[in-house]
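What follows is a short report on a single structure.
The basis for the numbers below is simple: all heavy atoms, side chains too, and nothing from hydrogens, waters or symmetry mates. Given the structure is predicted, the values throughout are model-derived calculations rather than measurements. The sequence lines fix the lettering, A, B, ..., with proteins before strands; numbering per chain opens at 1.
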Amino acid sequence: MKEGNERKFKLGKLFQEYVVAMKWSYMRNGCFSTNPIVNSSLFFPLAKHVINSSFSEFCHFPTYCLIHSSSSSSNLSNGLRNAFATHFIHSKLIKKGSLHHEGSYLLNLYIKSRLVGDAHKLFDEIPQRDVRTWTIMISGFAQNGFFRGAVDLFSEMLEEGVVPNRFTFSSILKCCSSLNELRMGKAIHGWLLRNGIVVDVALANSILDLYVKCHVFDYAEGLFESVIDKDVVSWNIMIGAYLRVGEMEKSLDLFRQLPFKDVATWNTIIDGHARNGLQVAALNLLYQMVETGPLMNQITFSIALVLVSSLSILDLGRQIHGRILRIGIYNDGFVRNSLIDMYCKCGQMEKASAVFENFAPYFTTKQNSVISCDESAAAPVTWSSLVTGYIQNGRSEDALKLFLTMVCKRIEVDMFTLTSLISACGNAGLLELGQQIHGHILKTGHKSDVFLDSSMVDMYAKCGRLDDAWSIFKPSNCRNIVLWTSMISSYASHGQGSKAIWLFELMLNEGFRPNEVTFVGVLTACSHAGLLKEGCKYFKLMKEVYDIKASVEHFTCMVDLFGRAGRLDMITDFIYENDISHISAVWKAFLSSCQVHKNIEMAQWVSDKLLELEPLQSGPYIMLSNTCATNHKWEEVAKLRALMKHRGVRKHPGQSWI
DNA sequence: TTAGGGTTAG
């Protein structure tokens, strides 16, 4: 037998053993019936493929198998299949004693199966490691997000005297941009130039990406201009760069100049518009893509669904859902999650949970302890989306039930979910549950997170525990404007105006720039503490120093401020000076001030203004009627009630939990 | 080169 044929024969034998072992494993996991490999229509073409292929192709066999089975409704995880196959092949190679020759193939396979730890162990066992071996390991680390590890490996490699190649550099440059290590990246760029290394397009693109990610635009533009054989990737990087900093004209200019736009070009430009608040333009671009552009991929669908969510066009969302089903990319984790998120944001919780339920088998397989790397990474996002969806749709109870299910199923509850849950506890006044979740966070030793801290401060404050809120805020080492605002607003809502202002001044001293919400907190603090002068000062500061346009919330705070200070006369001037007489919320605040000060004439005038804006709302009638009642004007009260009845305005009675 | 979930006001 010729050497080549012998090799094929051996591979065929190996394949048979593999299939037998795999079947056994499926049976043990109770997944036999759903196993696509036992389906004969798949089995024979695959067998043929493997027997005719080289060893390296054989190593990709599980991936190949996965591509074919991913559109069927297999509930067996891909990662498991890959991991199993990889371990199996590894054991065979050890028996054959050919780890020496085939080591880098196997290493590649471990990386593809995302078994980075196993790959590293194998890497240490391989006796002779060349550039190839090192590069597979380094890029494997980089692909799986272990950027520091990759950089450490890189320096080890240099110490051992192995000379890196283009691929090594490309991987390391990716790490530099992810770690924001501009200096290291620049050093590598310089080294390449000094040593006359041929910088091909791919490598140039890595450098371009580094400069873009590290925000050195002049370098990026210079490099972009100087690269002669630019490919579509180079263009896409530059287009994306301009979009990220809001340079819409520049990005569109490049977009128009580019003759061959690929799917990534379109995805970049559509998403970039959406992220810059230009949703309608993004939608038009999407339509343009459907008509004249390349075929949409799963990323396009994901982007489109996010766009639909922000525009709340449920019909379009449904159409996209249909298209996703037809194309058969329903199993993509991102697409699935965007779909759930879209239904949540459009208030369609039933639809959202239906999509979620369709994937339930993925998660229940955990009982059989088969959950893959891919799915364990995707699952918490999906759960989190649904939990958050329930909370945002005011269904805290459903959210909490789902949370309990997650705990029972031992699905990792990540920071995103915990943040939403804490916020829900705050809104519902569920102090005990909030404390339990807080305890859970402390026990599991999650890292400090500014989102979580903000919602925790808010939760404790809303549940009346200002001291606990402070004890979260004080030691926090990752303060941002939202966290400061939460604490300032907490003091404000507890009537501790001077403390809120003290904290605000402290924040300014530390160099934080207040946003519109911060000023709502500060103005509320002033109004609750009767600090008329300070309130006016900060309102001016907001507009003149921080260039923040006053919104309805700020105006109502100001009206409230004048009202509580008993300066009803100032309110009218304020309303006309700021040209806000068309905003009903302002008049409502005014009316409630009239009620507090028992000023019946003013209340009458204000409620007339309010009724011009909202003739069918019960609020103005009720508030005016209450003002009359506090002044014992019972005839007026009766007249108002009659008028309401005549105009068909109904007041829904309030209800209390107590 | 391109994609998903979280915090603060009223």
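Annotation: Tyr460(A) is in aromatic contact with His438(A) [ring centroid separation under 6.0 Å].
Across residues 487-504 of chain A, Ser489(A) each have a non-hydrogen atom less than 4.0 Å from an atom of DNA chain B (numbered order).
Contact annotation for Asn480(A): no contact, since no heavy-atom pair falls under 4.0 Å across all strands. Among the heavy atoms of the strands, none lies under 4.0 Å from Lys261(A). Val552(A) comes within contact range of no nucleotide atom at all, as no heavy-atom separation falls under 4.0 Å. As judged by a 4.0 angstrom heavy-atom cut-off over every strand, Asp453(A) is placed among residues making no nucleic acid contact. When heavy atoms are screened at a 4.0 angstrom cut-off, Ser423(A) is found touching the sugar-phosphate backbone but no base atom. Within the nucleic acid shown, Thr419(A) comes within 4.0 Å of at least one base atom, counting heavy atoms only. Within 4.0 Å of Thr524(A), counting heavy atoms only, lie sugar-phosphate atoms of the nucleic acid but no base atom.
The ring pair (Phe, Tyr, Trp, His ring centres under 6.0 Å) test applied to Tyr491(A) returns no partner, not counting sequence neighbours. Contacts of Asp453(A) classified as salt bridge (Lys or Arg N to Asp or Glu O under 4.0 Å), with partners at least two apart in sequence or in another chain: none.
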For residues 482-489 of chain A, tabulate all N or O donor-acceptor pairs below 3.5 Å that involve a side-chain atom, not counting sequence neighbours.
| residue | atom | partner | partner atom | Å |
| --- | --- | --- | --- | --- |
| Thr485(A) | OG1 | Ile481(A) | O | 2.6 |
| Thr485(A) | OG1 | Thr518(A) | OG1 | 2.9 |
| Ser486(A) | OG | Val482(A) | O | 2.9 |
| Ser489(A) | OG | Thr485(A) | O | 2.7 |

Which donor-acceptor pairs under 3.5 Å do the side chains of residues 535-542 of chain A make with protein atoms, sequence neighbours left out?
| residue | atom | partner | partner atom | Å |
| --- | --- | --- | --- | --- |
| Tyr538(A) | OH | Glu505(A) | OE2 | 2.6 |

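Listed by first and then second residue, the side-chain hydrogen bond (donor to acceptor under 3.5 Å, both in side chains) pairs that reach into residues 223-242 of chain A are Asn205(A)-Asp231(A), Asn205(A)-Ser234(A), Glu221(A)-Tyr242(A), Asp231(A)-Ser234(A), Asn236(A)-Asp262(A), Asn236(A)-Thr265(A), sequence neighbours excluded.
Here dT8(B) is the nucleotide among dT8(B), dG5(B), dT1(B) with the atom lying nearest to any side-chain atom of Asp458(A).
On a pure distance criterion of 3.5 Å, a polar donor-acceptor pair joins the side chain of Asp449(A) and the base of dG6(B).
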